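FYI, side chains are in, hydrogens and waters are out, and symmetry mates aren't considered; it's all heavy atoms of this structure. Just so it is clear, the structure is predicted and the values come from calculations on it, not from any experiment.
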Amino acid sequence: QAQLVESGGGLVQAGGSLRLSCQASQSIFNINVMGWYRQAPGKKRELVAYITRGSTTKYADSVKGRFTISRDSAKSTVWLQMSSLTAEDTAVYYCAADRRFLGSSGVGVDYWGQGTQVTVSS
């Protein structure tokens, strides 16, 4: 049974918007932080944004002002609203959840989603 299920990826034109969703299963609990990583071909995995149980957020510099992360803790769901997309945002986006924190590299993260492709055409 998948513990993090993502949806919302797809193909969009530059300047457009997409909203990613991630639903955590009831089998995981005591999650402190949920967030999104992305990995483009030939590039390292990058932490895009996260939100803690206390609603503290953090964003990569490359997405500040364009992406917004939000969370419904009661439903164990996190969303990533992406706007003003550019070709540089093209990547596989992975939902992540952890009982402690999400580091920049993603090493040691407790739970991962299967990934959803976001492609921005220029």
Side-chain angles (χ1 to χ4, degrees):
Q1 177 185 1
Q3 293 173 312
L4 294 176
V5 178
E6 301 140 336
S7 61
L11 174 64
V12 64
Q13 289 187 334
S17 300
L18 277 176
R19 189 189 195 208
L20 305 183
S21 299
C22 175
Q23 172 73 54
S25 74
Q26 294 181 348
S27 64
I28 64 176
F29 51 91
N30 289 337
I31 295 300
N32 175 51
V33 57
M34 296 183 73
W36 296 89
Y37 290 80
R38 67 185 180 186
Q39 188 164 22
K43 294 187 177 181
K44 292 183 178 180
R45 183 169 54 198
E46 173 188 25
L47 176 61
V48 177
Y50 71 66
I51 183 166
T52 68
R53 185 183 297 172
S55 299
T56 297
T57 59
K58 180 177 180 178
Y59 297 91
D61 288 342
S62 58
V63 307
K64 282 181 181 177
R66 301 188 299 120
F67 290 12
T68 301
I69 191 168
S70 58
R71 177 178 180 177
D72 183 337
S73 295
K75 297 182 179 180
S76 298
T77 302
V78 64
W79 298 274
L80 185 68
Q81 178 67 47
M82 306 184 293
S83 303
S84 302
L85 288 162
T86 72
E88 286 67 41
D89 296 314
T90 296
V92 177
Y93 284 70
Y94 297 91
C95 180
D98 199 277
R99 293 183 177 90
R100 297 169 300 160
F101 64 90
L102 294 180
S104 58
S105 68
V107 173
V109 169
D110 289 334
Y111 302 102
W112 288 100
Q114 78 282 4
T116 185
Q117 177 70 47
V118 171
T119 303
V120 183
S121 63
S122 56

Legend entry - Axial cation check for Y111 ring with R99, 6.0 Å and 45° limits: no
Any idea which heavy atoms bring [X] and [Y] closest together, and the distance?
{"X": "F67", "Y": "V48", "answer": "CD2-CG1, 3.7 Å"}
{"X": "S17", "Y": "Q81", "answer": "CB-NE2, 3.9 Å"}
{"X": "A96", "Y": "V109", "answer": "CB-CG1, 3.8 Å"}
{"X": "A40", "Y": "A91", "answer": "N-CB, 3.8 Å"}

Legend entry - Rounded distance [0.5 Å steps], CG in L85 versus OG1 in T119: 11.0 Å
Inset, instruction - Scan residues 20-122 for pairs that pass disulfide bond (SG atoms under 2.5 Å apart), counting only residues two or more places apart or in two chains. - result: C22-C95
With heavy-atom distances below 4.5 Å as the criterion, would you say the side chains of [X] and [Y] are in contact?
{"X": "M82", "Y": "V12", "value": "no"}
{"X": "R71", "Y": "I31", "value": "yes"}
{"X": "I28", "Y": "L4", "value": "yes"}
{"X": "D89", "Y": "L18", "value": "no"}
{"X": "F101", "Y": "N32", "value": "no"}
{"X": "T90", "Y": "Q117", "value": "yes"}

Inset, instruction - Not counting sequence neighbours, list each pair that qualifies as a salt bridge (Lys or Arg N to Asp or Glu O under 4.0 Å) and has a residue in residues 3-28. - result: none
Legend entry - Residue pairs passing the side-chain hydrogen bond (donor to acceptor under 3.5 Å, both in side chains) test where at least one lies in residues 41-51, sequence neighbours excluded: R38-E46, E46-S62
Inset, instruction - Using the test side chain to side chain contact (heavy atoms under 4.5 Å, CB included), find all partners of E88 that sit at least two apart in sequence or belong to another chain. - result: T86
Legend entry - Check: Y59 side chain, R66 main-chain N or O, donor-acceptor pair, under 3.5 Å: no
Inset, instruction - Say whether, by atom type as modelled, one donor and one acceptor occur between the side chain of D98 and the main chain of D110 under 3.5 angstrom. - result: yes
Inset, instruction - Fit a plane to each ring of W112 and Y94, take the angle between them on a 0 to 90° scale, and name the class: parallel (under 30°), tilted (30 to 60°) or perpendicular (over 60°). - result: perpendicular
Inset, instruction - Could you please spell out the steps behind the side-chain contact (heavy atoms from CB on, under 4.5 Å) verdict for T68 and W79? - result: CA-CA 8 Å; T68 301; W79 298 274; over 6 Å; no
Inset, instruction - Not counting sequence neighbours, which residues clear salt bridge (Lys or Arg N to Asp or Glu O under 4.0 Å) with D72? List them please. - result: none
Legend entry - Listed partners of R53 passing salt bridge (Lys or Arg N to Asp or Glu O under 4.0 Å), at least two apart: none
Legend entry - S21 side chain to Q23 side chain, donor-acceptor N/O pair below 3.5 angstrom: no
Inset, instruction - Go through the steps for V92 and Y37 under the test side-chain contact (heavy atoms from CB on, under 4.5 Å), then give the verdict. - result: CA-CA 8 Å; V92 177; Y37 290 80; over 6 Å; no
